[in-house]
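In this text, all values refer to a predicted model and were calculated from it rather than measured experimentally. Keep in mind that the numbers below use all heavy atoms, side chains included, and drop hydrogens, waters and symmetry copies. Order of the sequence lines fixes the chain letters, A, B, ..., with proteins taken first and strands second; residue numbering starts at 1 for each chain.
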Amino acid sequence: MVDRPAVVAEDLHKTFGKKVKALAGVSFEVQPGTVLGLLGPNGAGKTTSVNVLTTLLRPDSGRAEVAGVDVVADPAEVRRRIGLAGQYAAVDEMLTGRENLTLVGRLNHLSSADTKRRAAELLDRFALTDAGDRPAKTYSGGMRRRLDLAAALVARPPVLFLDEPTTGLDPRSRLGLWGVIEDLVRDGTTLLLTTQYLEEADRLADRISVIDHGRVIAEGTSSELKSRLGAAVVEVVMEDDDRAEEVRRLLGDRMEASREDETVRVPAPDGTATLATVVRALDDAGLQARGLQLREPSLDDVFLELTGKPADEDALTQHEKEASS
Amino acid sequence: MSTTTTPARSEAGGSSLVWALRDTQAMATRNLRRLLRQPEQIVFNLVSPIMFVLLFRYVFGGAIQGLEDLDYVNYLIPGIAVQTVLFSAGVTGFALAEDMQKGFVDRLRSLPMARSAVFGGRVYADSINNAVGLAILVATGFAVGFRPNDPFGLLLAMLLLLLFALAVSLGYALIGLTVRSAEAVNAATFPLIFPLTFASSAFVPVETMPDWLQGFATHQPVSVVINAARSLILGDDVTAAQRELLLAGQDTTSLVLQALAWTVGIAVIFGLLCTRKYRALVK
Ligand SMILES: Nc1ncnc2c1ncn2[C@@H]1O[C@H](COP(=O)(O)OP(=O)(O)OP(=O)(O)O)[C@@H](O)[C@H]1O
Ligand SMILES: [Mg+2]
């Protein structure tokens with residue numbers, strides 16, 4: 001049986017003011033029970049897409065559907081089926097963690113017994129039980145994020161939207177949150193997740209839509225996107241350019257080696273087998289490498305290939321712009 | 001859809017009006033909790049009316065002339081009451097702007113709650129805050145010699161002031177929704193409220209002001225509301241001469257009707273503008 005997609009975005013357009021084209025024809029789908037990673041640099045249109053799908057913004061044109069309900073025609077019904085944790089944690093700092101969850105439960109029209117149970121359950125799940133009766137303003141950034149995510153889950157929404165859920169978290173908190181997200185998906189929640197971290201999309205998302213300047217510029221599974229760049233490469237780093245050139249000539253014609261300064265790259269369609277061949281060739285010639293590795297293409301490479309600039313560099317220039325404006 | 005678990009929220013057993021009221025209650029509870037956890041806010045709410053009463057009663061009071069033998073403290077309390085509720089009406093806008101700024105309103109907008117509850121819960125909580133402020137003010141007044149002639153009139157006057165505060169707080173809500181900055185709302189409070197309370201009949205009889213100011217000071221809404229409250233509180237105690245001079249020569253009924261007209265007018269206009277502004281967030 002082919003399920004109807006849980007989330008549909010079809011040719012969405014959104015312009016702010018007269019000039020800022022936040023969405024210039026975004027389309028994607030999320031199948032029920034799967035995770036779509038919306039990956040893109042600052043200003044790509046990730047948050048705008050999420051806001052349209054969660055009824056916070058109305059698109060200028062295009063169609064969007066969540067859990068089978070049109071977001072423009074029946075936003076109230078959409079709100080009954082979604083959970084949203086926005087880019088900036090929207091918790092009430094004066095209220096305790098428990099009170100925050102209780103408020104959201106009540107406003108979701110859960111019964112008071114169910115609200116209470118749910119709040120306790122979620123505090124426990126997000127390791128906030130000890131801090132549950134303290135005002136949220138005493139929470140660390142990671143605890144706030146977890147509380148915000150818990151609030152999005154209070155009503156057990158079948159479709160969940162998380163806008164950059166781990167931005168600003170330290171590696172340990174990030175790992176913890178990833179674990180929780182994976183549990184949710186295992187329980188059948190459909191998830192749309194935006195992120196600037198390639199690693200995060202790689203780990204959590206079943207499919208990835210790469211978005212830039214308000215458009216989806218690539219779409220597929222993580223491995224599909226990687227395979228666009230062809231196979232892995234073996235990288236040999238030598239002491240200096242001369243020795244590297246020697247290695248290039250040695251492997252040259254046989255293996256299509258190329259050199260950039262002291263680094264020699266060899267396409268490795270056979271992965272570790274190619275690596276082994278290279279090692280043997282170097283050994284036979286009595287050459288000592290300073291570094292040697294088999295490099296699988298990363299989503300970073302995909303990003304570089306697609307947008308002509310590394311994801312991080314783009315993020316950096318955008319931040320600089322913001323800082324100087 | 002096999003993976004779509006039935007949402008636990010059930011809206012059975014309640015009309016949308018009932019849900020709107022429950023949402024309003026939930027929001028009001030949240031707002032009052034916040035208020036109780038901001039001691040500086042509470043202290044300001046308590047201390048400022050007391051300070052004003054003492055200041056005007058004991059420092060300026062002796063110099064205030066032209067009351068046709070009306071005891072100044074009886075003249076003063078309704079004036080300070082209006083000033084008090086006008087200042088706390090600013091809190092409505094301030095708090096709303098803060099919720100906008102911190103993204104809390106966005107969370108609310110993604111929930112299946114009644115939209116009206118965002119405002120309803122706000123003015124509900126702020127009205128309770130105002131009622132407490134008024135009670136403290138009246139108690140302070142009693143301590144320094146305030147003696148209303150008509151206790152029932154006093155009660156009606158307080159109700160009128162609460163309604164007026166609600167109307168004005170919608171004006172502040174509009175500012176809060178528009179500028180989305182709590183600081184900016186704060187900054188707008190003083191320049192708005194000072195001319196309206198001081199160029200009014202709140203502290204001194206309008207007749208003592210220069211001619212060019214008298215017209216404005218007599219007819220602007222704050223004065224109308226103060227005069228109505230004063231007339232209700234003083235009851236039959238007012239002499240004809242006092243009424244002529246201090247209450248624009250009008251009787252209680254006509255003053256109260258005018259005050260209600262202003263209140264309803266302000267509430268409707270700003271209520272509609274707020275609704276429009278809130279709806280426009282989706283654009
Ligand atoms: N309310 C708004 N008014 C005007 N411009 C806006 C508004 N919201 C977003 N934009 C602009 O639309 C574009 C897309 O913004 P959006 O927030 O969707 O990007 P994003 O991918 O979420 O970026 P980030 O990674 O920085 O969160 C940006 O150029 C942004 O400046
Ligand atoms: Mg964003």
Side-chain angles (χ1 to χ4, degrees), chain A residues 1 3-4 6 16 31-34 51 54-58 60 67-68 75-96 99-100 102-111 114 118 135 137 148 151-152 154-159 161 187-190, chain B residues 1-16 18-41 95 98-118 120-121 278-283:
Chain A
M1 180 182 124
D3 278 338
R4 186 167 173 182
F16 290 108
Q31 297 305 321
T34 70
N51 286 351
T54 54
T55 76
L56 301 187
L57 275 179
R58 200 176 301 137
D60 297 336
E77 190 54 41
V78 170
R79 284 179 216 125
R80 290 201 182 92
R81 297 162 187 237
I82 60 168
L84 164 67
Q87 183 162 0
Y88 305 100
V91 301
D92 187 331
E93 310 209 318
M94 300 279 187
L95 299 190
T96 67
E99 286 165 347
N100 265 287
T102 309
L103 176 66
V104 172
R106 298 303 283 161
L107 295 175
N108 264 302
H109 302 165
L110 304 188
S111 74
D114 197 17
R118 227 16 218 156
K137 67 173 177 225
D148 194 49
V154 168
R156 305 177 185 89
V159 184
F161 294 86
D187 294 344
T189 304
T190 305
Chain B
M1 240 181 272
S2 55
T3 48
T4 315
T5 49
T6 329
R9 22 198 177 206
S10 125
E11 240 115 287
S15 70
S16 57
V18 172
W19 283 116
L21 290 176
R22 286 187 195 183
D23 292 346
T24 304
Q25 179 68 53
M27 286 303 293
T29 307
R30 173 254 175 184
N31 293 336
L32 286 172
R33 268 205 181 116
R34 280 178 68 87
L35 186 72
L36 289 175
R37 284 172 200 177
Q38 286 167 287
E40 64 287 349
Q41 187 81 45
E98 205 176 17
D99 283 347
M100 296 277 294
Q101 214 171 359
K102 298 203 165 150
F104 193 72
V105 169
D106 280 342
R107 154 133 292 146
L108 297 179
R109 295 203 306 130
S110 78
L111 297 178
M113 64 183 289
R115 305 252 131 161
S116 59
V118 177
Y278 194 74
R279 291 230 173 99
L281 291 179
V282 82
K283 294 248 163 67

Go through the atoms of [X] and report whether side chain, backbone, both or neither lie under 4.5 Å from a heavy atom of chain B.
| X | result |
| --- | --- |
| A89(A) | backbone |
| D148(A) | both |
| L57(A) | both |
| E99(A) | side chain |
| T34(A) | neither |

When you measure from the side chain of [X] to the backbone of [Y], do you find a donor-acceptor pair of N or O atoms at a distance under 3.5 Å?
| X | Y | answer |
| --- | --- | --- |
| R80(A) | P112(B) | no |
| R106(A) | A26(B) | no |
| R79(A) | M113(B) | no |

* **For A90(A) against G103(B), the heavy-atom pair lying closest together** => CB-O, 3.4 Å

* To do: Over all heavy atoms of both residues, which pair between A151(A) and R107(B) is shortest? Give the atoms and the distance, please.
  => CB-NH1, 3.3 Å

* Are any non-hydrogen side-chain atoms of H109(A) and D23(B) less than 4.5 angstrom apart? -> yes

* Does any non-hydrogen side-chain atom of M27(B) lie less than 4.5 Å from one of L107(A)? -> yes

Enter the distance from [X]:[atom1] to [Y]:[atom2] here, rounded to the nearest 0.5 Å.
| X | Y | atom1 | atom2 | answer |
| --- | --- | --- | --- | --- |
| E93(A) | R37(B) | CD | CZ | 13.0 Å |
| T54(A) | D106(B) | OG1 | CG | 8.5 Å |
| D92(A) | K102(B) | CG | NZ | 8.5 Å |

* Asked: When heavy-atom pairs shorter than 4.5 Å are enumerated against chain A, which of T29(B), V282(B), D99(B), V105(B) gives the highest number?
  -> V282(B)

* Structure fact -> Among N100(A), L103(A), D60(A), the residue with the most heavy-atom pairs under 4.5 Å to chain B is L103(A)

* **Counterpart residues, salt bridge (Lys or Arg N to Asp or Glu O under 4.0 Å), relative to R58(A) (two or more places apart)** => none

* **Single hit among V104(A), I82(A), L84(A) for side chain to side chain contact (heavy atoms under 4.5 Å, CB included) with L111(B)** => V104(A)

* Y278(B): ring-ring contact (aromatic ring centres under 6.0 Å, His included) partners, not counting sequence neighbours -> F119(B)

* Is it the side chain or the backbone of Q38(B) that comes within 4.5 Å of chain A heavy atoms, both, or neither? -> side chain

